[in-house]
Amino acid sequence: MAPAPHRLHRLLSPRHLAVIGGESARIVVEQCREIGFPGEIWPVNPRRDEIAGLPCYPSLSALPEAPDAAFVGVPREATIDVVGELAALGAGGAVCYAAGFAECGAEGAALQERLVSAAGDMPVSGPNCYGLINHLDGAALWPEGDGCGRIERGVALVMQSGNIALNLTMQQRSLPIAYVISAGNQACLGLGDYVDALIEDPRVSAIGLYIEGLTDVPGFAKAAARALEKGVPLVALKTGNSEMGARIALSHTSSLAGTETLYDALFDRLGVLRVKTLGAFIETLKYFAVAPPLAGNRLAVTCCSGGEASLAADLAADLGLDLPSLTEVQIAEMSEVLSDIVTIANPLDYNTVVWGNRDGLTRAFTSLVAGEVDGAVLLIDYPHPETRGYAAWDVASEALIAASAGTGVQPVLLSTLPELLPRSVREDAIARGAVPLQGLDEGFTALSLAARYGVARRSGNVPAELLVPGELPCPAVTLDEWESKQRLAAYGLAAPEGRLVAAEAAPVEAAKIGFPVVLKAVSADLAHKTEAGAVALNLESDQAVAEAVARMAPLGAERFLVERMVTDGVAELILGIQRDPQFGLVLVIGSGGVLVELMADSRSLLLPTNRDQVMAALESLKGFKLLTGFRGRAAGDVEAVVEAALALARFAQDHAERLAELDVNPLIVRPAGHGVVVADALIRLADEGE
């Protein structure tokens, strides 16, 4: 038995559609005609006899049957009634064009709630959106011009900006666009809903997302995980890099896990490829429209300019692309073809000696791609067609494509400026399996992401579910350091040997532990003890302890923590848990100590997580070098750090409903085989009368 169609199938690929409204409805009819919609179109307008030459129905109830999709182009109050009628009829879905809903304050938000209620289970795109276009089947619920035509396969665009979506349909970079969806206010359908539906269409090669903010992070995560499993790349241009609201920030962890950091964590977890510019957005999507992911990050690069070779080498290094050195065999083979003035290397500046020489270039490029590389890039800028022909440039392009054929190496033509790769060249390259990329920065960004996606696909084992427990049941209280450490000890996180004592007992207990010791004033009100003067390190005698107690007297603490001083630390890290209303519980791993915010060297992992993700996050830190025996120092106990992070994650999962935040800073990393030590800790839990 065939699987049931996705619930958005009728909306996205309608057999017939209704258009409700006036002028905007007329444009929709004309747009459908423009791209060849094969089904019936039923205009609905009680005050008109016809729209765009089609007879109008006086009401929705007069339609021949429930439409698969409907374009609703009436004012906002009337939109609610129309959507309710469509839902009652059993329509497959609707596009709500009208603005003036949640984007316009409290009154609009109330109207949007009524719209959602009226829609019920019927999928609704918008409101406050242009709608959607299906260039594969020829449906356009879209009241504006469209620069695309019918295609057989391409990328889908799901955009939170209607105007940017419209502009992208006008691009002239040979990006085949299968679907365009303007999501609007996402009242009923979030970005994840569209992704979940689009990955079911085998004609969609990749999905581009313009994101201002996600309304349903767990739902998006599930859809993105399915996309990764199916091998449909998601390319995201995320804007709006501001915090979503004030947070209680007693811990250092809170200042590290900002909103944009959490988006990066979400995207990294799910293999979503983030870009910063529209140019990179287009070129990355174009890559996946033409070719599969790169098997690895190794590239062979060639051009006929030393300047271009230098730019390419710098960009490759910045983006984590590897340009492997040539073997002796490759050098010998190319030396037979190229001039003595050519420095044979990767990138290869083949000079102009063999310019226009098809046989010579093919032989040189064949040697170049024979190395251990995943892609071969020809940097080539075509002249204006009115100044000279393309023949000599075509020879170079064709030579690279011919040399790559049958090798498994992906050929790429890349112009340094976007306008220097003509349409005819791009189309010919695509037809022959080569990727035509435009703009040096954008092109190398696309290649780096094509390599990264290949890694994400191979890694697997990505938990689709996020741990998003909702609001705390009651206000959180802060546990003092002693209590926090006792809670963590139950999860295997060791603290230094220590005693919790009254002021007068501190010198005696310090002597029992053995000097040197650390003295700390203990109070739930002392979250940042170093800044408050509540910590004294490396105390060598009972007198030094007594003097430290006296200095801390103005802090008002009645209890003190005396601990053995850890003297063999290799590095200091921070481990923490942050609670975010959208992203849920987040594990933060970073370089720690008193300069943690200044260092800003941290990674965030959404929970639940696993050992591989923790290890990858740890290795990505600048401070990781300290754990590997930096400059002759002892290597740190990396395995113990990973175990500590996983223990913190287990604590968070076990206390998910009550945990507000958790901070271990510093976590002192001792030499390999000697473990780690929780030097300071802070936990905030919702108080349920414990």
Donor-acceptor pair, side chain of [X] and main chain of [Y], under 3.5 angstrom:
X	Y	result
Y287	L437	no
R457	L228	yes
D216	G190	no
H135	I151	no
T362	D359	no
N351	I341	no
N297	G320	yes
S602	G590	no
W393	D381	yes
N346	L348	no

In Å, rounded to the nearest 0.5 Å, how long is the span from [atom1] of [X] to [atom2] of [Y]?
X	Y	atom1	atom2	result
L273	F281	CG	CZ	11.0 Å
S367	I331	OG	CD1	11.0 Å
E333	L368	CD	CG	11.0 Å
Y194	M159	OH	CE	13.5 Å
L311	L379	CG	CG	9.0 Å
I380	C303	CD1	SG	10.5 Å

How about [X]: does its [atom1] atom have over 12 heavy atoms from other parts shown lying under 6.0 Å from it?
X	atom1	result
E229	CD	no
R423	CZ	no
E419	CD	yes
E212	CD	yes

So do the side chains of [X] and [Y] get within less than 4.5 Å of each other, counting heavy atoms only?
X	Y	value
L621	L627	no
V588	L575	no
L326	I344	yes

Looking only at side chains, do H6 and D201 share a donor and an acceptor under 3.5 Å apart?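 Side chains of H6 and D201: no pair found under 3.5 Å.
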Just by distance, no angles: are the side chains of Y390 and S424 close enough, under 3.5 Å, to form a donor-acceptor pair? no
Which heavy atom in [X] sits nearest to a heavy atom in [Y], and how many Å separate them?
X	Y	value
E442	P418	OE2-CG, 4.1 Å
V369	V373	O-CG2, 4.0 Å
A223	G192	CB-O, 3.2 Å
N665	L573	OD1-O, 3.8 Å
V614	A645	CG1-CB, 3.7 Å
S174	R426	OG-NE, 2.7 Å

Does the cation-pi check pass for K238 over Y263, that is, NZ or CZ under 6.0 Å from the six-membered ring centre and within 45° of its axis? yes
Charged N to carboxylate O below 4.0 Å: is that the case for [X] and [Y]?
X	Y	result
R274	E260	yes
R611	E639	yes
E200	R226	yes
D322	R298	no
E465	K222	yes
E152	R203	no

Mind running side chain to side chain donor-acceptor pair (under 3.5 Å) on Y350 and S339 for me, showing each step along the way? CA-CA 8 Å; Y350 59 83; S339 166; over 6 Å; no
How far apart are the C-alpha atoms of I589 and L587, what are their side-chain angles, what is the distance that settles it, and do they pass the side chain to side chain contact (heavy atoms under 4.5 Å, CB included) test? CA-CA 7 Å; I589 304 173; L587 172 66; 4.2 Å; yes
Begin from the C-alpha positions of T445 and L319 and carry the test side chain to side chain contact (heavy atoms under 4.5 Å, CB included) through to its verdict. CA-CA 7 Å; T445 296; L319 293 167; 4.2 Å; yes
According to the interplanar angle, ranging from 0 to 90°, do the rings of F288 and Y453 count as parallel (below 30°), tilted (30 to 60°) or perpendicular (above 60°)? perpendicular
Go through the structure and list residues passing side-chain contact (heavy atoms from CB on, under 4.5 Å) with R633, not counting sequence neighbours.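 L626.
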L447/L294 under side chain to side chain contact (heavy atoms under 4.5 Å, CB included): CA gap, chis, key distance, verdict: CA-CA 8 Å; L447 292 168; L294 286 172; 4.3 Å; yes
Derivation of the side chain to side chain contact (heavy atoms under 4.5 Å, CB included) call for L191 and V158: CA-CA 7 Å; L191 299 189; V158 183; 3.7 Å; yes
